[in-house]
Amino acid sequence: MTTTTIAPAAVLRTAWREIRLSWLFISADRWTTIFPATCFVVAAIVHARLPPAEAVATVALGALYFWLFVYEHTLANQLVGVEEDRINKPFRPLVTGQSTVRGARLRLIAVRVAFPVYGYFLGVLEWALLWQVLSLLQHEYGWGRHWLGRNLYAGIGVIAQLAAAWEIVTGITPDAWRWIVTLTITVTLLMSVQDLRDITGDRAIHRSTMPLVFGETQTRIFLCVGFAVGPAAIHHFLMAPAGPHWWIVATDVLLGGLSLLLSVRVVLLRGREHDQRSYRLVEQWYTLALAASIYTLR
């Protein structure tokens with residue numbers, strides 16, 4: 001009797017510990033993966049007009065998919081970046097000791113098996129495999145050490161993410177592709193904003209990022225111009241096709257205002273804390289944009 005009562009409790013404790021630990025690994029990346037991608041799942045649900053019960057189940061299935069999606073990334077990323085994280089991100093589990101390197105490697109193996117299997121179950125195997133190929137290129141074959149590889153990883157990753165989000169629900173439409181391509185180009189060009197906050201750690205491990213290759217000031221000017229012209233592209237490709245409704249105009253103004261704010265911030269507000277906040281604003285802009293897809297892609 002003791003054995004039968006203790007065993008389930010031990011299993012539950014272990015499961016809860018793994019869930020909590022996975023959250024510690026992924027929490028800093030939730031605004032670029034789980035939240036925005038799940039918004040795009042909801043946009044596809046609204047477009048396909050799924051009944052309520054099926055819609056709720058699909059959102060849950062999609063959120064789990066993107067949990068695994070980002071968990072694979074963060075495990076692989078943090079395993080190859082322990083020394084850098086001691087400088088740039090000392091709160092991560094491998095630095096704080098909440099996970100051992102061996103434990104993280106075993107979890108990565110498990111996720112690399114479970115993720116494509118789950119993707120196959122949801123009908124998005126090709127996008128799951130694309131993400132895994134990108135992850136291997138980034139973390140095992142050197143893309144992550146070069147500024148162009150880092151930006152391509154983020155940009156092509158948007159395709160793997162958003163195409164899967166839509167196809168979990170229904171076939172990809174031309175309008176959905178318009179959103180995916182626009183955001184892919186935007187992210188590819190502007191993702192180097194994340195490297196501004198990590199210059200010290202990147203220099204210490206001899207990583208090639210845009211600020212270190214082209215200079216911090218030149219990178220900030222490039223990003224300033226990119227964020228300044230961004231609202232015109234977002235208006236033309238994402239908002240205008242939805243029509244001149246007040247809620248579309250309001251969304252256009254909000255996203256454009258955030259982009260212009262970022263244009264000013266990256267040039268005038270420097271230093272690790274300011275750059276970290278700028279990157280967080282980029283993440284929130286991305287999530288807000290995809291939340292807007294729910295009512296612009298109906």
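Everything quoted here is computed from the prediction, not taken from an experiment.
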What distance separates [X] [atom1] from [Y] [atom2], expressed to the nearest 0.5 Å?
X: I45; Y: T170; atom1: CD1; atom2: OG1; answer: 11.0 Å
X: L122; Y: L64; atom1: CG; atom2: CG; answer: 8.0 Å
X: C39; Y: I294; atom1: SG; atom2: CD1; answer: 4.5 Å
X: L190; Y: L262; atom1: CG; atom2: CG; answer: 9.0 Å
X: T188; Y: L183; atom1: OG1; atom2: CG; answer: 10.5 Å
X: L258; Y: R265; atom1: CG; atom2: CZ; answer: 11.0 Å

Is there a donor in the side chain of [X] and an acceptor in the side chain of [Y], or the other way round, less than 3.5 Å apart?
X: Y153; Y: H73; answer: yes
X: W67; Y: S22; answer: yes
X: Y295; Y: T251; answer: yes
X: E167; Y: W127; answer: yes

Write out all pairs satisfying salt bridge (charged side-chain N to carboxylate O under 4.0 Å, His left out) with one or both partners inside residues 54-79, taking only residues at least two apart or from two chains.
->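 Salt bridge (charged side-chain N to carboxylate O under 4.0 Å, His left out) check on residues 54-79 returns E72-R112.
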
Determine yes or no for a side-chain-to-main-chain donor-acceptor pair under 3.5 angstrom, with [X] supplying the side chain and [Y] the backbone.
X: H245; Y: W247; answer: no
X: W131; Y: G157; answer: no
X: T296; Y: A242; answer: no
X: T287; Y: E283; answer: yes
X: H47; Y: A43; answer: no
X: R30; Y: S27; answer: yes
X: S259; Y: G256; answer: no

Is a salt bridge present between D195 and R150, judged by a nitrogen-to-oxygen distance below 4.0 Å?
->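 Yes, charged N to carboxylate O under 4.0 Å.
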
Lys/Arg N to Asp/Glu carboxylate O, D175 vs R178, below 4.0 Å =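 Yes, D175 and R178 are salt-bridged.
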
Just say parallel, tilted or perpendicular for the rings of F115 and F69, cut-offs at 30° and 60°.
->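 Rings of F115 and F69: perpendicular, over 60°.
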
Heavy-atom neighbours of F91 CZ exceed 12 at 6.0 Å |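 Buried by this count: over 12 neighbours within 6.0 Å.
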
F40 and ring pair (Phe, Tyr, Trp, His ring centres under 6.0 Å): which partner among F66, F35, W166?
->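 Result for ring pair (Phe, Tyr, Trp, His ring centres under 6.0 Å) with F40: W166.
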
Just distance, no hydrogens or angles: give the donor-acceptor pairs under 3.5 Å from side chains in residues 205-216, sequence neighbours left out.
| from | atom 1 | to | atom 2 | distance (Å) |
| --- | --- | --- | --- | --- |
| R207 | NE | G144 | O | 3.2 |
| R207 | NH1 | E84 | OE1 | 2.7 |
| R207 | NH1 | E84 | OE2 | 2.9 |
| R207 | NH1 | D202 | OD1 | 3.0 |
| R207 | NH2 | E84 | OE1 | 3.1 |
| E216 | OE2 | R220 | NE | 2.9 |
| E216 | OE2 | R220 | NH2 | 2.8 |

Is it the case that R197 places NZ or CZ above or below the six-membered ring of Y279, under 6.0 angstrom from the centre and within 45 degrees of the axis?
->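 Relative to the ring axis of Y279, which defines the angle, R197 lies inside both limits.
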
